[in-house]
Amino acid sequence: MAETAAASKNVKFIITRQDDPQSAPYTEEFNLPYRPGMNVISALMEIQRNPVNAKGEATVPVCWESNCLEEVCGACSMVINGKPRQACAALIDNLEQPIRVEPMSTFPVVRDLIIDRTRMFNALKKVKAWIPIDGTYDLGPGPRMAEKKRQWAYELSKCMTCGVCLEACPNVNAKTDFIGPAAISQVRLFNAHPTGEMNADERLEALMTDGGIEGCGNSQNCVRACPKGIPLTTSIAEINKQTTKHMFKRWLGM
Amino acid sequence: MRGFYSRKIHSLLGVIPLAFFFIEHMLTNFSAVEKGADGFKDSVLWLNSLPLVFFLELLFIWLPLMYHGVYGLYIAYQSKPNLNRYNLERNWRYTLQRVSGIVTFVFIIWHLYETRVQVALGNVTHEELGGVMHEIVPQPLWLAFYIVGIVAACFHFANGLWSFLVSWGITIGPRSQRVSSYICMGLFVLVTFMFLLSLVTFRDSEFKTAEAIAEAVNTVIQVRE
Ligand code: HEM
Ligand code: SF4
Ligand code: FES
């Protein structure tokens, strides 16, 4: 791994490309000079500077998306050596060569490694992953949150809607409309908030519509794949409990 | 909205009544091991002496099995297994839950055809079912078919209980889900053992082998106590 890269001073990439949303994907290989500390994004930047493939032919630079470059925005998520993850945090020294880079195919491909994650944001809208505080008059300060609760809730708030957990889930695919783990965990976050709690039922009811929480099949890949270490399966089981309770309450007319 | 409720019903029926019936079936079969041919016959007769047995069977076995089975096939069809990417224990169990559901579906249809349907057609009586099994089991291919079907059904039952506890929000944290994993996988081994022991018992009309094994197990349990 690391030794081969250092010895040959060359890094080999096999990148899955696609010219536009409708066209067929194809692969292109690149050989790049090794530099200490390089990661997949810096390699893509190198291709942008000098767009020549492994055969020595001039080619169109590979398109990708990135912003923060420190694994907090989620924009650079792609499948690297078979695993969905953030390219900016994928150090070449830790990767087996040749390095295979593909777009996350759970989402529509816009071009090359750029995908359209709109469904992630639509999911947050669907479950109302916010706390409504706007009104025509000052509502005053809300109830305080216990420090202990704040600490675990903070862990849930680290989600960057990167989409890795959806890519890892065997129940998120073209045959289902399952909303995926991220939005379910956000419902747990906002339902735990002392002010957000006041709208808890609305979020639960959103998850009880088609494509909601019933889509989970307990493979539990999501919790192992999440780069932020969010306890997704605990969130899902907790929301299973909340929706089940809500179902009984509604039946009893409470 | 419909999806949520239909899925909850699927999950509930998996346990009530199907898992309970599964245990009942295991105990009936095991009476063959414990009490021999007559014991098995008595257990079958006791079951069939229940009042309104036709409605009980329809309401607590046929309809739930059809709903859970057909919907289960659809759930399995919707899944896109990814063990190649995530070679993890829970992902294996997720995948095997679907595979074992499909195997169980085929197995149950055949098993019912050989037993319950033949009774309904008047070709055999309830009392003769032990004999029917006695003729099936010595044939190597059918024995293999039964073993695969039984192991699949036992896994599906035990792992289904694990997943039921998650789906209803009973086991929430990683610790409770780990403990229930151990319990459910222990149950898988136990239930498989008891069904297979009954199966080999049907092979021997004198029930000698299985009785000996049952005695050996009893002795071990007594020694440990
Ligand atoms: C007839 C063929 C059957 C098929 C095709 C089938 C299929 C399935 C599938 C695909 C699941 C996974 C659902 C999920 O994880 O979301 C499942 C769950 C389950 N099945 Fe079956 N099944 C069958 C028979 C049975 C039988 C006979 C039993 C009882 C012993 C049973 C008990 C369960 C239980 C307890 C669950 C867990 C429910 C949950 O996770 O919410 N199934 N079944
Ligand atoms: S829960 Fe984790 S894997 Fe899923 S979108 Fe949020 S950060 Fe990404
Ligand atoms: S660029 Fe923001 S996570 Fe990689």
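Note that the coordinates shown come from a computational prediction; the quantities given were computed from them, not determined experimentally. In the text below, chain A, chain B and the rest are named by the order of the sequence lines, each starting its count at 1.
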Neighbour count above 12 (heavy atom, 6.0 Å) for A/Arg100 CZ:
no

Can you tell me how far the OG atom of A/Ser219 sits from the CG atom of B/Asn82, to the nearest 0.5 Å?
6.5 Å

Is the number of heavy atoms from other residues, nucleotides or ligands under 6.0 Å of B/Tyr71 OH greater than 12?
yes

With rounding to the nearest 0.5 angstrom, report the SG to CZ distance, A/Cys216 to B/Arg7.
8.5 Å

Would you confirm whether B/Gln78, through its side chain, and A/Thr176, through its main-chain N or O, come within 3.5 Å as a donor-acceptor pair?
no

Please look at A/Val223 and chain B and tell me whether the side chain, the backbone, both or neither of the residue comes under 4.5 angstrom of a heavy atom of that chain.
neither

Testing the basics here: between B/Tyr77 and A/Lys175, what is the closest heavy-atom pair and its distance to 0.1 Å?
O-NZ, 3.0 Å

When you measure from the side chain of B/Arg85 to the backbone of A/Gly82, do you find a donor-acceptor pair of N or O atoms at a distance under 3.5 Å?
yes

Quick one: pull up OH in B/Tyr5 and CE in A/Met208 and give me the separation to the nearest 0.5 Å.
4.0 Å

What part of B/Leu88 is in contact with chain A, defined as an atom under 4.5 angstrom from a non-hydrogen atom: side chain, backbone, both or neither?
side chain

Could you tell me if B/Glu89 and A/Gln220 have a donor-acceptor pair between their side chains, going purely by distance under 3.5 Å?
no

Which bit of B/Ser11 comes within less than 4.5 Å of chain A, counting heavy atoms only: side chain, backbone, both or neither?
neither

Please confirm whether A/Lys83 makes a cation-pi placement over B/Tyr86, using NZ or CZ under 6.0 Å from the six-membered ring centre and within 45° of the ring normal.
yes

Does NZ belonging to A/Lys228 count more than 12 external heavy atoms closer than 6.0 Å?
yes

Give a yes or no on this: more than 12 heavy atoms of other residues, nucleotides or ligands lie within 6.0 Å of atom CH2 of B/Trp46.
no

Residue part contacting chain B, namely of A/Ala174, when any heavy atom lies under 4.5 Å
neither

Would you check if there is a donor-acceptor pair between the side chains of B/Tyr94 and A/Asn221 at a distance under 3.5 Å?
no

More than 12 heavy atoms of other groups within 6.0 Å of B/Leu141 CG
no

For chain B, which of A/Val79, A/Ile213, A/Thr233 has the most heavy-atom pairs under 4.5 Å?
A/Val79

If you count heavy-atom pairs under 4.5 Å with chain B, which of A/Pro231, A/Pro84, A/Cys169 comes out on top?
A/Pro84

Could you check whether atom CH2 of B/Trp92 has more than 12 heavy atoms from other residues, nucleotides or ligands sitting under 6.0 Å from it?
no

In short, A/Asn218 meets B/Ser167 closest at the heavy-atom pair ND2-OG, 3.7 Å

Chain A shares the most heavy-atom pairs under 4.5 Å, among B/Val166, B/Ile170, B/Thr95, B/Thr171, with B/Val166

Among residues 234-246 of chain A, residues within the sub-4.5 Å heavy-atom range of chain B, in order of number, are A/Thr234, A/Ala237, A/Glu238, A/Asn240, A/Lys241, A/Thr243, A/Thr244

Please state whether the side chain, the backbone, both or neither of B/Trp162 comes within less than 4.5 Å of a heavy atom of chain A.
side chain

Would the number of heavy atoms belonging to other residues, nucleotides or ligands and lying under 6.0 Å from CZ of A/Phe121 be above 12?
yes

